[in-house]
Every structure is written in structure tokens, then in C-alpha cells.
Amino acid sequence: MYNSKITGLGYYVPENVVTNDDLTQWMDTNDEWIQERTGIKERRWIDPKTDDNTSSMGAKAARIAIERAGLTKDDIDFIVFATLSPDMYFPGGGVRVQDMLDMPTIGALDVRNQCSGFIYSLSVADQFIKTGMYKNILVIGSENHSGGLERSTRGRGVTVIFGDGAGAAVLSRSEENGKGILSSHLHSEGKHAKELALEGPATGRWVPEIIQENDPNDVSYYPHMNGQFVFKHAVVRFSEAIVEGLQTNNLQATDIDMLIPHQANLRISQFVQKKFGLSDSQVHNNIMKYGNTTAASVIIALTEAWELGKIKDNDLVVLAAFGSGFTWGSVIIRW
Ligand code: UT7
């Protein structure tokens, strides 16, 4: 059996910065509320005049990751692409990246697990490598939220939180024992599907129905969230997933060198940090700059932490996420 390890990382965020104050042009909100409740100061939202979209941002991040892995696009055997905001209803983003990067006709798989999309995708890629089926897999998380958010006071509970961006990792076969991805842990609880969801357009709420009803109060085509309910579950599930990962590998919280939590809310990250007794330098947060970028959040934060030199050889790196589905999980990595 082989091991898998991350050999390249990259991220891309749109240039357009939207500050908390900028949001007040559309909705009744303020910098103080947003910072106090979420930690967010600004986020990136795609400027529609640019050619950024979910796939193209993913492709930009992927180019960087492939180059840093010392590979070319022809060395990649498979693509796993995580998003909740694909350019098209179908097909997904994976095939678009295959085309944009002019890659050979390799397989491309889309993962729809929202905030834990990158955790799930990394786990899928890890299995393909550990069984020997593939050698180098491109794993991408990318989101274009801004185009679909409700820019009004009605939507403020959700709209102020989300940002656009993409990150990518190259996961490669390794024969080094005890290094790379040690384990991954995936969970779901579908009975809470509607607590954080965008219900239509989809076959349960299809476009003709939405048009026919023409109901001004219909918000089923905007994302909605039962914020406090999600928050309460998030803090519990984040912790459980981390404990499960540590226990599986006979490790303790004191063994963690770097925790990369999904950037849902700075208060959630701080709760988890405190629970595991970690110092500020052992947790990387960037929600202040980018908001919640869902499937891109963990991989952008991981890349940034690595670029800043916060992750060193042999470090124990823990990735954890929770979100819509509900889905949650963790990945334990010996760097
Ligand atoms: O990434 C996937 C997982 N997501 C999460 O884990 C997110 C979990 N939830 C949260 O992070 C928080 O629940 C939020 C940040 C979304 C909201 O914070 P909260 O402390 O739970 O606020 P709330 O929803 O209870 O709203 C409190 C008040 C309400 O006003 P009233 O009813 O008390 O008069 C809201 O209408 O704040 C109001 N409000 C706002 N005010 C200014 C809601 N959104 C805004 C806003 N600006 N943007």
C-alpha cells in the first residue's frame, strides 16, 4: 500500500475587495455587527467584468499547485473538484478545469459537500492513491458565492458571511512511511439538510415552478441559514471530528502543530482553539480577509499557512470542517 502526500498548493482570490462598509450600500448592516459576530473585515467578490468564475478560479489555483509540485498538467491522473457553486447546473467544474488546463482525457469528479467539500475531496483522492490506482491527483475547492447572494437587508444574515475564491492541492503517491495523509474522517446528518441550504432551482423546486408562482416572498433560490442552530452543531462536530482523528492515530491534542479549521466564523475557530488548548500560532485563520469561502476555505487557509512558513516538515497538521448537509470531517496529516 502507498501513502499520499501533498506536494503542491496554490490559491487564487478575485481582486475585488468588498469591505463591511461597502455592504451598507445594499443592506442595513454595519462593520461592528459583522466583525463582532463573525470576525470578517472584508471578502473578495468577483467583479462581473472579469472572466473569473468557479472553474477559472479553480484552474488558476491549480496551475500554481501543479507548478509547485514540480509537475506539469500531463502528470496529473485525476481531478477532484469541490464546489456548491458550479458555473453550470451540469456538467460540474472538474471537466471545465480539465479543458481549461488542456489536460489529457483524465477522469474528473465533482464533490458536492459544501463547507466540508475539500475534506471529502482530499479523502477521495487519498483512497485512489493508497490503492495504487493513481499517482498524482489535483484536488480543487472553488466558490463563486457573490453572484447568487441576496443583496438586501432580508438576506443580510447570510450575504455578509460569504466570499469567493479557490484553492488547489496536488496529492501524490509517496513511499515514505508515516508521512502524508494519516487518516480522514467523514460524517453527515441529512435530517438537518434544510438548516443551511439553497433549495432551488433544482428538481425539487424547478425553474418553471418558481417563475409560475412569481411570489415576491419566495427566497428558495437564495441560500438561507438557521445561524444559531448551525453554530451550535458546528462547535460540537468540529471537536468530535478532531478527537476522532487524533484517537485513530494514537495522538493527543498536544501533538497538533497546526490546525486549519474551515473558516465559518472566527468565534467557532476560537472555541475549538480553546477546547484543544492551542496557541494563536497553532491555528491559522483568514476569515477576516476572505469571509467564508465554503469548499475553498480549508485549502486557501492551508496554502496561506504554508506560504507563511507556518507549516514545517514533520508537523502534525489537522484539517477540520463542518457545514451544510450537515456534513463534517477531518484529515490528519504528517507533513
Ligand atoms: O460554513 C458553514 C457553517 N456555518 C456556520 O457555522 C455559521 C454558524 N452561524 C453563525 O456564524 C452565526 O449564527 C451568524 C454569524 C450567522 C449570525 O450570528 P448570530 O449571533 O447567531 O446572530 P442572529 O442570527 O441571532 O441575529 C441576531 C440579530 C438579529 O436581529 P434581532 O432579531 O435580534 O433584532 C438579526 O436580524 O442580528 C440581526 N442581523 C444583522 N444585523 C446586522 C442578522 N444579520 C445581520 C447583519 N447586520 N448582517
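Residue numbers count from 1 along this sequence. Counting starts at 1 for both ligands and their atoms, following the listed order.
- We find that Asp52 and Lys60 are joined by a salt bridge, their nearest charged nitrogen and carboxylate oxygen being less than 4.0 Å apart.
- For atom 29 (C) of ligand 1, the protein comes within 4.0 Å by no heavy atom at all.
- Among protein heavy atoms, the minimum distance from atom 9 (N) of ligand 1 is reached at Gly227 O, 3.0 Å.
- Other residues, nucleotides and ligands contribute only 12 or fewer heavy atoms inside 6.0 Å of the NZ atom of Lys41.
- Counting only heavy atoms, the protein never gets under 4.0 Å from atom 33 (O) of ligand 1.
- Within a 6.0 Å radius of CZ in Arg63, more than 12 heavy atoms belonging to other residues, nucleotides or ligands are found.
- By the 4.0 Å heavy-atom criterion, Ile161 is counted among the residues contacting ligand 1.
- Protein heavy atoms are found inside the 4.0 Å sphere centred on atom 25 (O) of ligand 1.
- Closest to atom 18 (O) of ligand 1 by heavy atom, among Arg267, Gln228, His233, is Arg267.
- Taking every non-hydrogen atom of Val160 and a distance limit under 4.0 Å, the qualifying atoms of ligand 1 come out as 48 (N).
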Test log, rule salt bridge (Lys or Arg N to Asp or Glu O under 4.0 Å), inputs Arg334 and Glu176: CA-CA 11 Å; Arg334 178 65 69 188; Glu176 228 177 323; over 6 Å; no
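- Considering both main-chain and side-chain atoms, Thr29 comes within under 3.5 Å of ligand 1 through a nitrogen or oxygen pair.
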Could you go through Asp280 and Gln273, starting from their C-alpha distance and side-chain angles, then the distance that decides it, and tell me whether this counts as side-chain hydrogen bond (donor to acceptor under 3.5 Å, both in side chains)? CA-CA 8 Å; Asp280 288 350; Gln273 173 178 340; 2.8 Å; yes
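- Heavy atoms from other residues, nucleotides or ligands lying under 6.0 Å from CD of Glu67 number 12 at most.
- For ligand 1, the atoms lying closer than 4.0 Å to a non-hydrogen atom of Ile268 are 6 (O).
- Considering CD1 of Ile34 and OG1 of Thr29, their distance stands at 3.5 Å, rounded to 0.5 Å.
- Each of the atoms 10 (C), 11 (O), 15 (C) of ligand 1 lies under 4.0 Å from some heavy atom of Asn265.
- Close approach of ligand 1 to Thr38 is summarised as follows: ligand atoms under 4.0 Å from at least one heavy atom of the residue are 15 (C).
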For salt bridge (Lys or Arg N to Asp or Glu O under 4.0 Å), just list the numbers for Glu304 and Lys289, CA-CA rounded to whole Å, side-chain angles, deciding distance to a tenth of an Å, and then say yes or no. CA-CA 12 Å; Glu304 204 181 61; Lys289 291 190 293 181; 2.7 Å; yes
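- Among all protein heavy atoms, the one lying closest to atom 36 (O) of ligand 1 is Arg156 NH2, 3.1 Å.
- Of the protein's non-hydrogen atoms, Trp33 NE1, 3.0 Å is the one closest to atom 37 (O) of ligand 1.
- In this structure, atom 11 (O) of ligand 1 has a protein heavy-atom contact shorter than 4.0 Å.
- Among residues at least two apart or in separate chains, side chain to side chain donor-acceptor pair (under 3.5 Å) pairs with a member in residues 234-249 are Ser183-Asn249, His187-Glu244, Glu189-Arg237, Arg237-Glu240.
- Rounding to the nearest 0.5 Å gives a distance of 5.0 Å between CG of Leu84 and OG1 of Thr294.
- In this structure, Gln212 places its CD atom where only 12 or fewer heavy-atom neighbours from other residues, nucleotides or ligands lie under 6.0 Å away.
- Summary of contacts: the protein heavy atom closest to atom 4 (N) of ligand 1 is Val230 CG1, 3.5 Å.
- Given atom 7 (C) of ligand 1, the protein heavy atom at minimum distance is Met225 SD, 3.8 Å.
- The nearest protein heavy atom to atom 22 (O) of ligand 1 is closer than 4.0 Å.
- Ligand 1 has at least one atom lying under 4.0 Å from a heavy atom of Leu196.
- The protein heavy-atom contact nearest to atom 1 (O) of ligand 1 is Asn292 ND2, 2.7 Å.
- Cluster annotation: Phe326 and Phe238 are assigned to the same hydrophobic cluster (Ile/Leu/Val/Met/Phe/Trp/Tyr, side-chain heavy-atom contacts under 4.5 Å, transitive).
- Counting heavy atoms under 4.0 Å from ligand 1, residue Gln114 does not touch it at all.
- Each of the following atoms of ligand 1 lies closer than 4.0 Å to a heavy atom of Cys115: 1 (O), 2 (C).
- Which parts of ligand 1 touch Phe322 is read off a 4.0 Å heavy-atom cut-off, strictly below it: atoms 2 (C), 3 (C).
- Atom 20 (O) of ligand 1 has Arg37 NH1, 2.8 Å as its closest protein atom, hydrogens excluded (heavy atom only).
- Those atoms of ligand 1 with a heavy atom of Phe231 less than 4.0 angstrom away are 8 (C), 9 (N), 10 (C), 11 (O).
- Around the CZ atom of Phe90, the shell of radius 6.0 Å holds no more than 12 heavy atoms that belong to other residues, nucleotides or ligands.
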Salt bridge (Lys or Arg N to Asp or Glu O under 4.0 Å) between Asp75 and Lys135, worked out: CA-CA 8 Å; Asp75 297 314; Lys135 226 170 156 181; over 6 Å; no
